[in-house]
Amino acid sequence: QVQLVESGGGLVQAGGSLRLSCAASGRTLSSYVMGWFRQAPGKEREFVAAINRSGGNTTYADDVKGRFTISRDNAKNTVYLQTNSLKPEDTAVYYCAAYYSTSYYPKTRSYEYDYWGQGTQVTVSS
């Protein structure tokens with residue numbers, strides 16, 4: 001069992017940055033692929049970014065590519081999402097998620113992920 005706790009959300013003006021963190025406990029994070037998803041009010045949860053267990057391969061949703069960066073520190077059992085050039089449409093609850101895999105290619109569908117955090121709110125004002 002993996003427990004995930006997100007932090008780092010908040011209110012920021014358009015063009016600003018936030019660094020989201022996801023701390024894991026219960027199991028060694030290095031065995032898991034990690035992903036970030038988000039859900040805006042009235043919308044379905046959507047994929048943002050994912051990283052394989054070594055950190056050697058990452059993938060991003062098209063609308064965050066070039067602005068967001070996912071990274072991980074397996075020694076600290078923590079995954080990060082650096083969000084830059086934020087836009088009002090980035091406003092959402094951001095969730096960290098994990099699944100066990102040895103694959104080089106992280107998956108992007110939410111149903112592939114077995115463990116989820118409670119989420120952290122990101123609000124971008126115009």
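The basis for the numbers below is simple: all heavy atoms, side chains too, and nothing from hydrogens, waters or symmetry mates.
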For side-chain contact (heavy atoms from CB on, under 4.5 Å), just list the numbers for Asp90 and Arg67, CA-CA rounded to whole Å, side-chain angles, deciding distance to a tenth of an Å, and then say yes or no.
CA-CA 11 Å; Asp90 293 318; Arg67 299 189 298 122; 2.8 Å; yes
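- Both Val122 and Met34 sit in one connected hydrophobic cluster of ILVMFWY residues. Membership requires side-chain heavy atoms under 4.5 Å apart, directly or through other members.
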Test Arg19 against Leu81 for side-chain contact (heavy atoms from CB on, under 4.5 Å), laying out the working first.
CA-CA 6 Å; Arg19 189 193 196 199; Leu81 184 69; over 6 Å; no
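- In terms of modelled atom types and a separation under 3.5 Å, the side chain of Thr28 and the main chain of Ser30 share no donor-acceptor contact.
- Residues passing the side-chain hydrogen bond (donor to acceptor under 3.5 Å, both in side chains) test with Lys76, sequence neighbours excluded: none.
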Donor-acceptor pairs under 3.5 Å, side chain of residues 39-57 to any protein atom, not counting sequence neighbours: which ones?
residue	atom	partner	partner atom	Å
Gln39	NE2	Lys43	O	3.1
Glu46	OE2	Arg38	NE	2.6
Glu46	OE2	Arg38	NH2	3.1
Asn52	OD1	Gly55	N	3.0
Asn52	OD1	Gly56	N	2.9
Asn52	OD1	Asn57	N	3.0
Asn52	ND2	Tyr104	O	3.2
Ser54	OG	Gly56	N	3.1
Asn57	ND2	Tyr104	O	3.0

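- Closest approach of Leu29 and Ala24 over heavy atoms only: CD1-CB, 3.5 Å.
- A salt bridge links Asp62 to Lys65: at least one charged side-chain nitrogen sits closer than 4.0 Å to a carboxylate oxygen.
- To the nearest 0.5 Å, atoms OG (Ser17) and CG (Leu86) are separated by 6.0 Å.
- Contact of the Cys22 side chain with the Trp36 side chain is registered, since non-hydrogen atoms from C-beta on lie closer than 4.5 Å.
- Residue Ser101 comes nearest to Val33 through the heavy atom pair CB-CG2, 3.8 Å, listed as atom of the first residue, atom of the second, then distance.
- When atom types are taken as modelled, the side chain of Asn77 and the backbone of Arg27 share a donor-acceptor pair closer than 3.5 angstrom.
- Looking at Glu112, its side chain never comes within 3.5 Å of a backbone N or O of Lys107 through a donor-acceptor pair.
- Looking only at distances, a side-chain donor or acceptor of Thr120 sits under 3.5 Å from a matching main-chain atom of Gly9.
- Atoms CD and CD1, from Gln82 and Ile70 in turn, are 12.0 Å apart once rounded to the nearest 0.5 Å.
- There is no path of hydrophobic side-chain contacts, each under 4.5 Å, that joins Val124 to Val93.
- Rounding to the nearest 0.5 angstrom, the gap separating the CG atom in Leu18 from the OG1 atom in Thr83 is 4.5 Å.
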Between Phe37 and Cys96, is the side-chain contact (heavy atoms from CB on, under 4.5 Å) condition met? List the steps.
CA-CA 6 Å; Phe37 292 78; Cys96 174; over 6 Å; no
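- Gln121 is listed as a side-chain neighbour of Thr91, based on a closest heavy-atom distance under 4.5 Å.
- The ring pair (Phe, Tyr, Trp, His ring centres under 6.0 Å) analysis of residues 57-100, with sequence neighbours excluded, yields the pairs Tyr32-Tyr100, Tyr99-Tyr113.
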Please determine whether side-chain contact (heavy atoms from CB on, under 4.5 Å) holds for the pair Asp63 and Lys87, giving the CA-CA distance in whole Å, both sets of side-chain angles, and the decisive distance to 0.1 Å.
CA-CA 11 Å; Asp63 58 350; Lys87 306 174 182 179; over 6 Å; no
Applying side-chain hydrogen bond (donor to acceptor under 3.5 Å, both in side chains), run through Asp73 and Thr78 and close with a yes or a no.
CA-CA 5 Å; Asp73 185 338; Thr78 302; over 6 Å; no
